[in-house]
Amino acid sequence: MSNRLDGRVAVITGAGSGIGLASARRLAAEGARVVCADVDPASGEKAAAEVGGLFVQADVTDERAVEAMFATAVATYGRLDIAFNNAGISPPEDDSILVTGLDAWKRVQEVNLTSVYLCCKYAIPHMRRQGKGSIINTASFVATMGAATSQISYTASKGGVLAMSRELGVQFAREGIRVNALCPGPVNTPLLQELFAKDPERAARRLVHIPMGRFAEPEEIAAAVAFLASDDSSFMTASTFLVDGGIAGAYVTPL
């Protein structure tokens with residue numbers, strides 16, 4: 001493993017499981033000091049202990065908690081180089097627009113979109129002071145495509161993340177702060193496994209559209225996070241970074 005991130009400080013939300021945990025492991029392996037933020041203290045503390053980092057319990061929909069999360073990272077390690085704003089939910093109550101209630105809609109928007117707004121709002125000032133930083137916001141391939149198996153609020157929230165990341169990437173480009181939207185395809189995480197368990201037919205409908213014929217592993221998405229965090233992506237900002245197994249480029253998939 002290279003040391004592309006040696007000496008850099010990263011804050012990862014949703015670090016206790018899935019893509020967040022895999023990314024904490026990958027960034028630490030590449031030399032970063034990692035602040036593992038999660039609403040669940042058990043999984044968050046375990047992740048931080050594994051990577052030799054710092055755990056911060058944070059509800060990413062709480063503005064004061066998000067502000068304190070980044071302040072704690074800087075107070076502990078002296079700087080903030082990477083913000084991977086990754087926390088998100090996809091509850092079963094979020095379905096077709098015909099059946100999704102307003103409470104479910106609002107909850108998904110708060111966790112998936114408003115939290116990214118808050119994380120960017122409070123990460124950017126720290127990065128401005130040092131004249132450099134990389135923000136990676138987890139969107140999704142569904143932000144670029146439509147699906148008949150709808151999760152209407154999830155899709156809309158990820159579209160918002162995509163547009164916001166583009167706007168911020170342009171606004172702060174000349175201050176050395178890069179902002180990119182990471183758009184994974186379906187990933188073999190607890191969220192996806194829960195979908196399979198509750199509705200195997202609906203889940204199977206997704207698999208047929210992936211040219212590679214499988215779901216991504218969290219470590220594959222973490223590799224993309226490490227790239228976007230590093231200077232290897234130094235001329236990338238305001239981008240839609242698809243890591244989707246070819247879904248967005250497919251018309252008909254192989255038999």
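- With hydrogens and angles ignored, the 3.5 Å screen pairs a side-chain donor or acceptor of N112 with a backbone N or O of I89.
- Judged by distance alone, the side chains of T114 and Q109 never bring a donor and an acceptor atom under 3.5 Å apart.
- Atom-to-atom distance recorded for L168:CG and I124:CD1 is 5.0 Å, nearest 0.5 angstrom.
- Here the side chain of K158 pairs a donor or acceptor atom with the backbone of T138 at under 3.5 angstrom.
- Residues in residues 131-154 take part in these salt bridge (charged side-chain N to carboxylate O under 4.0 Å, His left out) pairs, two or more places apart or across chains: K132-D231.
- Between the NE2 atom of H209 and the OG1 atom of T149 there is a distance of 7.5 Å, given to the nearest 0.5 Å.
- Other residues, nucleotides and ligands place no more than 12 heavy atoms under 6.0 Å from the CD atom of E167.
- E63 places no side-chain N or O within 3.5 Å of a backbone atom of L118 that could act as its donor or acceptor partner.
- With hydrogens and angles disregarded, no donor-acceptor distance shorter than 3.5 Å links the side chain of N180 to the backbone of S165.
- Of all non-hydrogen atoms in G16 and A47, the two that sit nearest each other are CA-CB, 4.3 Å.
- Considering L54, V35, V9 as possible partners of T76, the one that fulfils the side chain to side chain contact (heavy atoms under 4.5 Å, CB included) test is L54.
- Each ring-ring contact (aromatic ring centres under 6.0 Å, His included) pair with one or both residues in residues 226-255, not counting sequence neighbours, appears once here: F227-F241.
- No donor-acceptor pair under 3.5 Å is formed between the side chain of E175 and the backbone N or O of G131.
- The distance from the CG atom of L228 to the OG1 atom of T237 is 10.0 Å, given to the nearest 0.5 Å.
- Across all their heavy atoms, I247 and P186 have their closest contact at CD1-CD, 3.4 Å.
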Full working for side-chain contact (heavy atoms from CB on, under 4.5 Å) between I97 and S150 | CA-CA 8 Å; I97 196 170; S150 182; over 6 Å; no
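- In this structure, the side chain of R33 engages the main chain of G7 through a donor-acceptor pair within 3.5 Å.
- Crowding of M212 atom CE: a count of heavy atoms from other residues, nucleotides or ligands under 6.0 Å not exceeding 12.
- For the pair R4 and D232, the minimum side-chain heavy-atom distance is below 4.5 Å.
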Would you please test K46 and E50 for salt bridge (Lys or Arg N to Asp or Glu O under 4.0 Å) and show each step?
-> CA-CA 6 Å; K46 184 178 179 182; E50 180 182 339; over 6 Å; no
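- Between the R25 side chain and the E219 main chain, no donor and acceptor come within less than 3.5 Å of each other.
- Side chain to side chain, S90 and Q151 meet the donor-acceptor criterion of an N or O pair below 3.5 Å.
- No donor-acceptor distance shorter than 3.5 angstrom exists from the side chain of S134 to the backbone of S230, with no hydrogens or angles considered.
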Could you please spell out the steps behind the side-chain contact (heavy atoms from CB on, under 4.5 Å) verdict for V243 and L182?
-> CA-CA 8 Å; V243 187; L182 176 66; 3.9 Å; yes
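- Under the 3.5 Å distance criterion, the side-chain polar atoms of S43 are left unmatched by any main-chain donor or acceptor of S17.
- Heavy atoms from other residues, nucleotides or ligands lying under 6.0 Å from CZ of R128 number 12 at most.
- The line from CG of D244 to CE of M145 is 7.5 Å long, rounded to the nearest 0.5 Å.
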Would you sort out whether V179 and F172 count as a side-chain contact (heavy atoms from CB on, under 4.5 Å), showing the intermediate values?
-> CA-CA 8 Å; V179 185; F172 294 100; 5.5 Å; no
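- Within the structure, salt bridge (charged side-chain N to carboxylate O under 4.0 Å, His left out) pairs that include any residue of residues 81-93 comprise R79-D81 (at least two apart or interchain).
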Under the side-chain contact (heavy atoms from CB on, under 4.5 Å) criterion, do R8 and I82 qualify, and how do the steps go?
-> CA-CA 8 Å; R8 299 188 191 183; I82 302 152; 4.3 Å; yes
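- Remark: Q171 CD to M164 CE distance equals 12.0 Å, nearest 0.5 Å.
- No salt bridge links E110 with R107; every basic N to acidic carboxylate O contact stays at or beyond 4.0 Å.
- With rounding to the nearest 0.5 angstrom, the CG atom of N137 is 9.0 Å from the CZ atom of F84.
- Side-chain atoms of D62 come within 3.5 Å of backbone atoms of A65 as a donor-acceptor pair (strictly under, hydrogens ignored).
- Of all heavy-atom pairs between W105 and A156, the closest is CH2-CB, 3.6 Å.
- Within a 6.0 Å radius of CG in D6, more than 12 heavy atoms belonging to other residues, nucleotides or ligands are found.
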